[in-house]
Each structure stands twice: as structure tokens, then as C-alpha cells.
Trainee: 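Handing you a structure now.
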Amino acid sequence: MDDEQRRPIAILTYNVGNGLANPERLAAFLRDSDADVIGLQEINAAQAEALEEIALGAYPHRVVHGAGFDGSALLSKHPITDLDWHDLAIGRRARRATLDINGAPLRMTVAHPHPPRLRRWGIHFDKTTRQQLDMLGQLVSADPHSVLVGDFNMTMRHPIHGEFRQFGLIDAFHTVGKGRGSTFPLRPGHMKSFDHHLTWVPLPAFTRPDYIWHTTDLRTVVSWTERGVGSDRRPVFALLAWGAPPAE
């Protein structure tokens, strides 16, 4: 089967906020998303337990590691044929897996590097995190049909974004995203009455530190964000097709 005959892959990445996203609502949201592959960051023990109970049938192939800010998960409808780890920073292991997508291998990486720190000269990544990000870009770009998802605590203006692009990685939402694409921070705004019930109306997010990156032998069909289920982040979706974009 050539690239044009393969069905596009639905990818979802979501920082679930170390318990902020209600476990039962989160599991139902992920199950109903119908994504082929899901990468989660900051998953805690209660959220992981809910996934085992509710999302079991929808995602039979999954790996969950850690809990809290260093917790991450990979959920897949397709078999995981290979799995490895990269201890690029203490407490922030990058998970890399090869998935069998109907006979075609897809290399999937879930990462959540440490956030930048406040210095006297501004907010910057420390040396270890910079090295981790550089290594991630090199690792992912070296393999065909590779996807890198996660919370990278940076905007498109950060030099690392440009370095990833120099490695040959493509920011899915930046390519053909629908809407503003801001994912953080989702903050409580004001109370409003709907059908005689008071509820929070959240203030809008204004930046996007959450990304789906992919190699040039995949192409983004569409990418978008959704409201999510209680985290301080929005989830990011992308539909990826096999094969490079046609030459202009």
C-alpha cells in the first residue's frame, strides 16, 4: 500500500494538568476523540486509573509512566512494536515508540521538558533543558515518519522553534491550523448563569506552548484545538497524511 492509499492519522496531545482535568471526564473525552494516537503530559495516578477503567476498549495499546508533573502516557489504537526511553533530563523522560499503523511504521515521541526559569537577565531554559530539546529535535528528525508531541513551554518566537524547523520538523498547527490555536493559560474568568445554574466563563488563552511536530514525509491535513475538560491547557489535534506535500 503506497502513501496515497493509507488513511490519515489523527493525533492528539494534551497536558492534563496533574489532576486538573477531572479523571472521569478526561477518560470519556479521550475515548470520544477518536484519535488514533494520544500523547498526555502531567498525568497523575487518579487520571491514569480512570483511563484504565473507561478507555480500556478504545485504546488497547498504551504505556503510562510516572505521576504528576513528570507523568506521561501514550495511548494507541494500533500495536506498539517497539518502546524506548531517553533520560535527557531528570524527571522528564522522553518516551519513543514505534506503532504499526496498518502495516506502516510510525515513530511517536511524547515529551515534556522542564519549563524555563527566571534569571536576572530574563526567563530562559537551563543548559540541561536546552540540551534535551536539541537532542529531541535531532532524534525525531533522524527517523522517517516521525511525530513529536508535548508541552514544550515555548512560543513560536523562541529560538528552539526555529531550530526544530532547521532540523526538518514541521509544526502542524502553524502549517494549516484552524483558529488562533492558543492553548495556555485557561483561567477562571467570571460567573455567569446558564439555565439558572452558575458556571465559570473562562478567560481566553493567549499562547501555544503545546505542539505536534512531524517529519517532512508526513503532511498536515488540518490542525485545531478544543476546550478540553478542566486542565489549564487546551488539547491540540492534527490529522496527518502519509507522504510529503506536493511540490508547488
Side-chain angles (χ1 to χ4, degrees), residues 1-14 30 33-41 58-65 72-86 88 93-113 132-152 156 160-178 181 210-224 235-248:
M1 183 182 296
D2 60 29
D3 286 346
E4 292 302 320
Q5 295 174 309
R6 294 191 179 112
R7 184 176 67 85
I9 317 150
I11 306 289
L12 163 60
T13 184
Y14 193 13
L30 298 177
S33 74
D34 201 33
D36 292 291
V37 188
I38 298 173
L40 302 177
Q41 305 87 50
Y59 294 96
H61 312 284
R62 59 200 179 279
V63 183
V64 181
H65 173 76
S72 64
L74 173 65
L75 314 178
S76 174
K77 292 183 176 181
H78 304 273
I80 298 173
T81 61
D82 181 61
L83 180 68
D84 56 14
W85 306 86
H86 293 272
L88 304 178
R93 304 177 83 187
R95 180 194 319 279
R96 304 194 74 212
T98 301
L99 310 180
D100 181 352
I101 311 291
N102 301 320
L106 179 75
R107 196 76 163 134
M108 186 78 181
T109 302
V110 182
H112 183 205
Q132 179 187 20
L133 288 164
D134 287 341
M135 184 64 71
L136 279 171
Q138 294 176 43
L139 283 170
V140 174
S141 60
D143 289 333
H145 297 128
S146 289
V147 178
L148 169 64
V149 306
D151 169 10
F152 293 90
M156 289 175 50
I160 292 291
H161 190 281
E163 290 177 17
F164 276 16
R165 292 168 63 186
Q166 289 179 0
F167 287 138
L169 297 178
I170 297 171
D171 173 358
F173 188 90
H174 181 55
T175 305
V176 287
K178 294 175 61 178
D210 306 282
Y211 292 88
I212 297 174
W213 297 89
H214 62 82
T215 48
T216 56
D217 49 11
L218 298 168
R219 66 181 183 277
T220 310
V221 178
V222 65
S223 183
W224 69 98
V236 181
F237 291 78
L239 190 64
L240 304 183
W242 301 85
E248 296 183 356

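These numbers were taken from a predicted model, which means no experiment stands behind them.
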Trainee: Can you tell me how far CD1 of I212 sits from CG of L169, rounded to the nearest 0.5 angstrom?
Mentor: 13.0 Å

Trainee: How many angstroms lie between atom NE2 of H61 and atom OG1 of T81, to the nearest 0.5 angstrom?
Mentor: 10.5 Å

Trainee: Could you give the distance from CH2 (W224) to CG (L239), rounded to the nearest 0.5 Å?
Mentor: 6.0 Å

Trainee: Atom CG in L40, atom NE2 in H65: separation rounded to 0.5 Å?
Mentor: 14.5 Å

Trainee: Among L240, I9, T215, T13, which residue satisfies the side-chain contact (heavy atoms from CB on, under 4.5 Å) criterion with V147?
Mentor: L240

Trainee: Is Y211 reaching over with its side chain to a backbone N or O of M156, donor-acceptor style, under 3.5 angstrom?
Mentor: yes

Trainee: To the nearest 0.5 Å, how far apart are CD1 in I101 and CZ in R7?
Mentor: 8.5 Å

Trainee: Apply side-chain contact (heavy atoms from CB on, under 4.5 Å) to the pair T109 and L139, showing each step before the final yes or no.
Mentor: CA-CA 10 Å; T109 302; L139 283 170; over 6 Å; no

Trainee: Quick check: closest heavy atoms across G39 and V110, and the distance to 0.1 Å?
Mentor: CA-CG2, 3.9 Å

Trainee: When you look at Y14 and Q41, which way does the side-chain contact (heavy atoms from CB on, under 4.5 Å) test go after all the steps?
Mentor: CA-CA 6 Å; Y14 193 13; Q41 305 87 50; 5.7 Å; no

Trainee: What about the rings of W213 and H174, do their centers lie closer together than 6.0 Å?
Mentor: no

Trainee: Strictly distance-based, threshold 3.5 Å: is any side-chain N or O of T98 a donor or acceptor partner for the main-chain N or O of P105?
Mentor: no

Trainee: On a heavy-atom basis, which atom in F164 and which in L148 lie closest, and how many Å separate them?
Mentor: CE2-CD2, 3.8 Å

Trainee: Taking all atoms of both residues into account, what is the closest heavy-atom pair of S33 and L30, and its distance?
Mentor: OG-O, 2.7 Å

Trainee: Would I170 and H214 count as a side-chain contact (heavy atoms from CB on, under 4.5 Å) if you check the C-alpha gap in whole Å, the side-chain angles of each, and the deciding distance to 0.1 Å?
Mentor: CA-CA 5 Å; I170 297 171; H214 62 82; 3.6 Å; yes

Trainee: Are the side chain of S223 and the backbone N or O of F237 linked by a donor-acceptor pair below 3.5 Å?
Mentor: yes

Trainee: Would you check if the side chain of D36 reaches a backbone N or O of A10 as a donor-acceptor pair within less than 3.5 Å?
Mentor: yes

Trainee: So does D82 pair up with R107, basic N to acidic O under 4.0 Å?
Mentor: yes

Trainee: Kindly give the heavy-atom pair with the smallest separation between G168 and T216, and that separation in Å.
Mentor: O-CG2, 3.3 Å

Trainee: Applying ring pair (Phe, Tyr, Trp, His ring centres under 6.0 Å), can you list everything that pairs with F173, at least two apart in sequence or on another chain?
Mentor: none

Trainee: Taking the side chain as everything from C-beta on, heavy atoms only, tell me whether M108 gets closer than 4.5 Å to I11.
Mentor: yes

Trainee: State whether the side chain of D217 and the backbone N or O of H145 hold a donor-acceptor pair below 3.5 Å, judged by distance alone.
Mentor: yes

Trainee: Which distance, rounded to the nearest 0.5 Å, do you find between the CZ of R165 and the CD1 of I160?
Mentor: 13.5 Å

Trainee: Which heavy atom of L133 sits nearest a heavy atom of F152, and at what distance?
Mentor: CD2-CD2, 3.8 Å

Trainee: Counting C-beta onward and ignoring hydrogens, is there a side-chain heavy-atom pair between R6 and N102 closer than 4.5 Å?
Mentor: no

Trainee: Determine, stepwise, if the pair W242 / L106 fulfils side-chain contact (heavy atoms from CB on, under 4.5 Å).
Mentor: CA-CA 10 Å; W242 301 85; L106 179 75; 4.2 Å; yes

Trainee: Which heavy atom of R95 sits nearest to which heavy atom of A73, and what is that distance?
Mentor: NH2-N, 3.8 Å

